Amino acid sequence: MWRSNWVYEIFTIIAIIALFAIPLILYTAFGNGDDEDSDTSNQSEIIWGVDSASYTDENMYACVTQNFGEPEVWGRYLGDREDVSVGLDSNEVDYLHQNDISILLIYNHVNEAVGYDHGIEHAKQAIQYAKNLGVPEGVALFVDIEPSYPVDSVFIEGWYDQLAESAYYPGIYGVFDGESELDAAYQDMKNDVQQNTIVWSAYPQLEVTTKENAPDYQPQAPDNAMAYGWQYAIDADTCNIDTNLFKSELIDFLW
């Protein structure tokens, strides 16, 4: 009788241990894997692209694809600027879309990025260019602020406010190296403007590469910024292009 009770107690203890151990084993085997998959799914995909001041035709496209690779994004300009850039037109839009390329829209008609009203005026002009071209709502328009341009925070706020009231989304391109006037102006803006303006940074500058040899995605940009783009190199010797990396989130704001 004593032996029977002893055996019964041993089996009872083993059953209790198993009851608690099995869920732990299952979690270790499968739970951590799910977490890793979840973390991976939340990571941004990095995509390669180019931007150019030149018109995109068959020769230009062939030059890029044969020498650098197939871009997923192609940056082009709204409106002509004499001796600087050729503006995008509907035929070029169709050609890029036929090749499964998303278009990043650049507005480069600024010389002095100073003053709130000035920012509003340029935003209105960019919006009109976009409407004339048939750009759909939700697409970002990137104002190009070159390092040599004077700039202040209220200009960017004017640009932002006008675009925020339109069918389009505010974006900004420039050198954010931590010491530039643009970087300082960005830091002085209202928090909501900083957090809701898409930044396409042109810093740091590295060497032009092919798509296959592109660097890791490491742009410098303000902490609060939606830093979705990095122009990591400019002025390729072959083809008139600059090379870029973009976060996949930017695709929702391209045409």
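Everything numeric in this text was worked out from a predicted model, so none of it was measured. In what follows, residues are counted from 1 in the order of the sequence shown.
When the options Trp74, Tyr232, Trp200, Trp230 are evaluated for a side-chain hydrogen bond (donor to acceptor under 3.5 Å, both in side chains) with Asn244, the one that passes is Trp200.
Side-chain contact check for Leu88 versus Leu105: some heavy-atom pair is nearer than 4.5 Å. When side chains are defined from C-beta on, Asp89 counts as touching Tyr55, because their heavy atoms get closer than 4.5 Å. Put simply, the side chain of Lys211 does not reach to within 4.5 Å of the side chain of Pro71, judged on heavy atoms. Using a 4.5 Å cut-off on side-chain heavy atoms (C-beta onward), Ser201 and Asp177 make no contact. Contact annotation: the side chain of Glu146 approaches that of Tyr173 to within less than 4.5 Å [non-hydrogen atoms, C-beta and beyond].
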Criterion side chain to side chain contact (heavy atoms under 4.5 Å, CB included) on Tyr186 and Gln194, from CA distance to verdict: CA-CA 7 Å; Tyr186 200 95; Gln194 291 188 43; 3.8 Å; yes
Verdict with reasoning, Ile101 to Tyr95, per side chain to side chain contact (heavy atoms under 4.5 Å, CB included): CA-CA 9 Å; Ile101 297 174; Tyr95 183 78; over 6 Å; no
Side chain to side chain contact (heavy atoms under 4.5 Å, CB included) assessment of Leu163 paired with Ile127: CA-CA 8 Å; Leu163 278 166; Ile127 291 165; 3.6 Å; yes
Evaluation steps, side chain to side chain contact (heavy atoms under 4.5 Å, CB included), between Val139 and Ile103: CA-CA 9 Å; Val139 172; Ile103 304 170; over 6 Å; no
Worked check of side-chain hydrogen bond (donor to acceptor under 3.5 Å, both in side chains) between Gln98 and Asp94: CA-CA 6 Å; Gln98 287 167 9; Asp94 291 342; 5.5 Å; no
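Remark: the backbone N or O of Val135 is paired with a side-chain donor or acceptor of Tyr168 at under 3.5 angstrom. At distances below 3.5 Å, not a single donor-acceptor pair connects side-chain atoms of Tyr149 with backbone N or O atoms of Leu182. Not a single donor-acceptor pair under 3.5 Å links the side chain of Trp159 to the backbone N or O of Phe142.
Classified by interplanar angle (parallel below 30°, tilted 30° to 60°, perpendicular above 60°), the ring pair His122/Tyr107 is perpendicular. Relative orientation of the Trp48 and Phe68 rings is parallel, given thresholds of 30° and 60° on the angle between their planes. Note: Tyr228 and Phe253 have tilted aromatic rings, judged against thresholds of 30 and 60 degrees for the angle between ring planes.
Here the CD1-CD1 distance, from Ile251 to Ile47, works out to 3.5 Å after rounding to the nearest 0.5 Å. Note that OH of Tyr77 is 5.5 Å distant from CG of Asp144, once rounded to the nearest 0.5 Å.
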